[in-house]
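This report concerns only the one structure given below.
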Amino acid sequence: MDIKNLISSAVEARKSAYAPYSKFKVGAALLTSNGKIYKGFNIENSAYSACNCAERTAFFRAMCDEEKNFEAIAIVGGPEYEMSSFKSYTPPCGVCRQVMREFCNPNKFEIILAKSVSDYEQFTLEQLLPNSFGPENLN
Ligand code: THU
């Protein structure tokens, strides 16, 4: 996996974020098992509860292309004036973690939180969402 390229894609995606309310822009780049990258960004709404996170935008775009196997996601975020390197990591919210859980193996799926292409932390979904509820719990 080319982590630097995945982070660059997240930085690129973030440029299109629609975040006029929080002014906090997030970009995500989702890597499929066949090597494709789907970009996503946060899309806010004047009715705040209708906001969509960058990670879910990336997942739902990929699902629309019938992609169902995912390897990793890179996430970058920060106040809109930050451009390509960021003061803090942006961990995925709980709802996004649960969406990942629906489609990814928690022990294999990698979540890369980046401040820049050379400054990042890597976690499995299991580390960020331990003892989770998933599709097999309904069997
Ligand atoms: N946000 C994301 O897009 N992803 C995250 O992982 C955390 C939060 C967005 C939602 C909202 O548009 C803004 O960041 C501030 O919460």
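Quantities reported herein were computed from a predicted structural model and do not represent experimental measurements. For ligands, and for the atoms within them, numbers begin at 1 and follow the listed sequence. Computed over heavy atoms, backbone and side chain alike; hydrogens, waters and symmetry mates excluded.
No side-chain donor-acceptor contact under 3.5 Å links T32 and E71.
Among residues two or more places apart in sequence or in another chain, the ring pair (Phe, Tyr, Trp, His ring centres under 6.0 Å) test is passed with Y81 by none.
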Problem set entry | Derivation and outcome, ring pair (Phe, Tyr, Trp, His ring centres under 6.0 Å), residues Y18 and F41 | CA-CA 8 Å; Y18 177 74; F41 46 76; 9.2 Å; no
For this session: Might you work through the side chain to side chain donor-acceptor pair (under 3.5 Å) test for N107 and T124, ending with a clear yes or no?
Result: CA-CA 6 Å; N107 293 305; T124 63; 5.6 Å; no
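Near ligand 1, residues S22, F24, V26, N42, E44, C53, A54, E55, P91, P92, C93 each place a heavy atom inside the 4.0 Å sphere around the ligand atoms.
As a member of the Ile/Leu/Val/Met/Phe/Trp/Tyr network built from side-chain separations under 4.5 Å, M83 groups with nothing else and remains a singleton. L113 shares a hydrophobic cluster with F24, V26, L30, Y38, F59, F60, M63, F70, I73, I75, Y89, V99, M100, F103, F109, I111, F123, L125, L128, L129; the chain of contacts runs through ILVMFWY side chains whose heavy atoms sit under 4.5 Å apart.
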